[in-house]
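Have a look at the structure below, then the notes.
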Amino acid sequence: MNLKKLIFYVVIIIGTLIIAFLPLQNTQGVKQDKVFEIKASQFQFTPGTIQVMPGDQITLSLTSLDVPHGIYLDGYNLKLEADPGQTNYLTFKADREGVFRFRCSVSCGSLHPFMIGKLQVGSNLLFLRGAGISLLVVLAVLGRSRL
C-alpha cells in the first residue's frame with residue numbers, strides 16, 4: 001500500500017472516530033423556562049413537535065379549537081384537558097432525555113387515535129452523527145476510486 005492510500009485511510013478512520021465519540025454540542029446549557037402554545041383541533045396538534053433541552057421548565061398551554069381535547073404525555077404520565085374555546089396549562093421539568101409522544105386523551109372523533117405529537121428532550125445527536133458518518137463513507141468511496 002502506498003503512502004497516499006495509508007494517509008487517506010487514516011484520515012477517514014480518525015474522522016469517523018471524532019464524529020462517533022466527540023459531543024457535537026453542549027447539551028448541558030443554561031436551563032430555560034419555555035412556554036408552548038398548543039392548538040388542538042380535529043385531528044392535529046399545532047405545533048406537532050416540541051424540542052427542549054434537559055432541565056428546561058416547560059409550560060404547555062393547550063387550547064381546544066373545536067371539540068374537547070386533551071394531551072397525555074408518554075413517559076411523563078402527565079395529562080391536560082381543554083374544552084372548546086378554553087385554555088389550560090401544565091408546567092413540568094423536562095428531566096428525561098429522549099423522544100416522547102403526546103396524544104389526545106379525549107375521544108374527539110374517528111381519527112382520534114392518530115392525533116399524536118412529539119416532545120424531543122435533548123438534541124438529535126444520533127441523526128447528526130449518522131449523517132456525518134454517511135458523508136465520510138461517500139468521501140471514502142469517491143476517494144478510493146481516485147487513488
Side-chain angles (χ1 to χ4, degrees), residues 1-65 69-82 87-147:
M1 185 181 318
N2 65 30
L3 184 61
K4 193 175 182 181
K5 280 186 179 181
L6 179 63
I7 291 172
F8 174 77
Y9 287 123
V10 167
V11 168
I12 293 295
I13 290 169
I14 290 173
T16 302
L17 292 173
I18 288 172
I19 290 172
F21 294 110
L22 285 180
L24 297 178
Q25 69 183 28
N26 181 9
T27 59
Q28 302 301 322
V30 177
K31 309 305 182 228
Q32 299 180 1
D33 292 338
K34 294 188 176 182
V35 177
F36 294 95
E37 296 179 8
I38 299 175
K39 307 287 186 197
S41 61
Q42 293 179 318
F43 298 95
Q44 67 180 355
F45 292 111
T46 306
T49 301
I50 297 170
Q51 184 166 359
V52 299
M53 295 309 289
D56 286 350
Q57 186 79 13
I58 310 304
T59 299
L60 299 180
S61 163
L62 176 65
T63 303
S64 174
L65 301 178
H69 290 286
I71 287 180
Y72 177 78
L73 183 55
D74 293 347
Y76 282 86
N77 298 321
L78 298 172
K79 188 175 179 180
L80 175 65
E81 295 181 358
T87 301
N88 283 330
Y89 301 89
L90 173 69
T91 301
F92 65 99
K93 184 175 185 175
D95 57 0
R96 299 181 199 134
E97 270 194 74
V99 176
F100 304 92
R101 299 290 177 193
F102 56 88
R103 54 193 83 244
C104 187
S105 60
V106 176
S107 183
C108 58
S110 59
L111 296 176
H112 164 75
F114 303 101
M115 192 169 168
I116 299 173
K118 178 173 77 169
L119 169 68
Q120 182 172 330
V121 181
S123 57
N124 196 354
L125 291 180
L126 186 59
F127 171 77
L128 295 174
R129 289 180 196 275
I133 290 174
S134 297
L135 179 62
L136 279 176
V137 168
V138 168
L139 291 174
V141 169
L142 292 175
R144 184 171 182 243
S145 66
R146 294 181 182 195
L147 293 179

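A heavy-atom distance below 4.5 Å is not found between the side chains of Thr91 and Ile58. Phe36 has its side chain out of reach of Leu62: every pair of non-hydrogen atoms, C-beta onward, lies at least 4.5 Å apart. Contact annotation: the side chain of Val99 approaches that of Lys118 to within less than 4.5 Å [non-hydrogen atoms, C-beta and beyond].
Remark: Arg103 CZ to His69 NE2 distance equals 16.0 Å, nearest 0.5 Å. Note: Gln57 CD to Phe92 CZ = 9.0 Å, rounded to the nearest 0.5 Å.
Legend: residues meeting side-chain contact (heavy atoms from CB on, under 4.5 Å) with Ser107, ordered by chain and number and at least two apart, are absent. Taking Phe45 as the reference, Phe102 meet the ring-ring contact (aromatic ring centres under 6.0 Å, His included) condition, with sequence neighbours excluded.
Tested against Ile38, the residues Leu60, Leu80, Thr63 include a single side-chain contact (heavy atoms from CB on, under 4.5 Å) partner, Leu60.
Asp56 and Lys93 are not joined by a salt bridge, as no carboxylate oxygen comes within less than 4.0 angstrom of a charged side-chain nitrogen.
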Walk me through it: do Asp74 and Tyr72 pass the test side chain to side chain contact (heavy atoms under 4.5 Å, CB included)? CA-CA 6 Å; Asp74 293 347; Tyr72 177 78; 3.3 Å; yes

Is there a side chain to side chain contact (heavy atoms under 4.5 Å, CB included) between Val35 and Tyr89? Walk through the geometry before answering. CA-CA 10 Å; Val35 177; Tyr89 301 89; 5.9 Å; no

Would you sort out whether Leu90 and Leu78 count as a side chain to side chain contact (heavy atoms under 4.5 Å, CB included), showing the intermediate values? CA-CA 8 Å; Leu90 173 69; Leu78 298 172; 3.8 Å; yes

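Remark: side-chain polar atoms of Glu37 are not paired, donor with acceptor, to backbone N or O of Lys39 under 3.5 angstrom.
When only modelled atom types and interatomic distance are considered, Thr87 and Ser61 share no side-chain donor-acceptor pair under 3.5 Å.
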